Amino acid sequence: MKFLMELHGKDIRIDTLKLVKSKITRHMCANFSCLPLNFESLELDTGKKFKLEETYNQISDYLLAAYDDQSNDAVTNVMYSDAEIIGYYTIQMNTTKVSKRYRKFHHLNGSSNNTGYPCVDVPFLAINRNYQQQGYGRLLIKQLLLNVHWQLVPLIGTSMITLDALNLSVEFYKKFGFIEYSPEQLSSILTPLALETTQLAQVLKINTGYETMMELALRKALESTLLFEIK
């Protein structure tokens, strides 16, 4: 178990799910829900609201599936306290196609005749409904970005981090440098976003001279939760 910090009176840890099953139980995973507490008050048409609720439930249910999964197809990291799962994300290796127009507009690196980019895909990232709007999401995504920057890029190389964000969450991800990279949408409630890995150091303010002492302390705390030690 890797202690991260105390936040809102709770001792927070982030670990790989498969490595902490002595602390994370199936019951905790089964009880996880990321459906917002204010969901019923959202003003959406009936069809879109039904589809959105269904998607939130699928994201919530995946955590239990990840707990039971014995394959190496993806890795799930969990943020948790002693009694409850606060949030989680799942990453897996993939490739993604980016249209020429988007490559040119966003100045994406790579050959102009190559439409397949190696990427780290994030199929799931969620915060427990009882912990939303309290800063836990920012912590979790920063740990994800540090994980890719320090652990994955040096070992296997990857051009982008990709995810399909709920439209309600797009602005949150854009604060961390994600952009809309593809005109193709698989769903009316999702937007495909990407962040080039060459921009990670800048987004995380590593060696930029703009990182405050508080930001540096937080980054070091998050780096301490990574699987391999950062020297």
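Just so you know, these numbers come straight off a predicted model, no measurement behind them.
- A 4.5 Å side-chain heavy-atom check between L125 and L163 finds every atom pair outside the cut-off.
- Separation of atoms CG (L168) and CG (L52) is listed at 5.5 Å; rounding is to 0.5 Å.
- R13 has a carboxylate O that lies under 4.0 Å from a charged side-chain N of D82, or vice versa, which qualifies the two as a salt bridge.
- Between L227 and D15, every side-chain heavy-atom pair lies at or beyond the 4.5 Å cut-off.
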Margin query: ring-ring contact (aromatic ring centres under 6.0 Å, His included) for Y88 and Y80? Distances and angles first, verdict last.
Written below: CA-CA 9 Å; Y88 83 94; Y80 62 102; over 10 Å; no
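- A salt bridge links E223 with R219: the closest approach of a Lys/Arg side-chain nitrogen to an acidic carboxylate oxygen falls below 4.0 angstrom.
- Contact check for T95 versus Y117: no side-chain heavy atoms found under the 4.5 Å cut-off.
- Below 30°, between 30° and 60°, or above 60°: for F124 and Y62 the angle between ring planes is below 30°, a parallel geometry.
- Using modelled atom types, one finds no donor on one side chain facing an acceptor on the other under 3.5 Å when comparing E215 with Y210.
- Proximity of L144 to V148: side-chain heavy atoms (C-beta onward) are separated by under 4.5 Å at one or more points.
- Using a cut-off of 4.0 Å between Lys/Arg side-chain N and Asp/Glu carboxylate O, D68 and R26 are scored as salt-bridged.
- Put simply, the side chain of L195 reaches to within 4.5 Å of the side chain of V203, judged on heavy atoms.
- The residues E180 and K174 are annotated as salt-bridged, a charged nitrogen and a carboxylate oxygen being separated by less than 4.0 angstrom.
- Rounding to the nearest 0.5 Å gives a distance of 10.5 Å between CD1 of I127 and CZ of R138.
- Contact check for L63 versus Y67: no side-chain heavy atoms found under the 4.5 Å cut-off.
- In this model, no donor atom of one side chain and acceptor atom of the other lie less than 3.5 Å apart for N128 and Y136.
- Donor-acceptor pairing under 3.5 Å is lacking for the side chains of T197 and T158.
- Side-chain contact between Y181 and T96 is present, with at least one heavy-atom pair separated by less than 4.5 Å.
- Summarising the local packing, CG of N207 is surrounded by 12 or fewer heavy atoms from other residues, nucleotides or ligands at distances under 6.0 Å.
- Across all their heavy atoms, D73 and Q92 have their closest contact at O-CB, 3.4 Å.
- Cation-pi check for K142 over F176 is not met; the charged atom does not lie both under 6.0 angstrom from the ring centroid and within 45 degrees of its normal.
- Interatomic distance, I12 CD1 to I86 CD1, rounded to the nearest 0.5 Å: 3.0 Å.
- Between K51 and E54 no salt bridge is recorded (no basic side-chain N to carboxylate O distance below 4.0 Å).
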Margin query: For M93 and D121: C-alpha separation, side-chain torsions, deciding distance, then whether side-chain contact (heavy atoms from CB on, under 4.5 Å) applies.
Written below: CA-CA 6 Å; M93 300 309 299; D121 188 48; over 6 Å; no
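- Annotation: side chain of I85 is in contact with side chain of C29 (closest heavy-atom distance under 4.5 Å).
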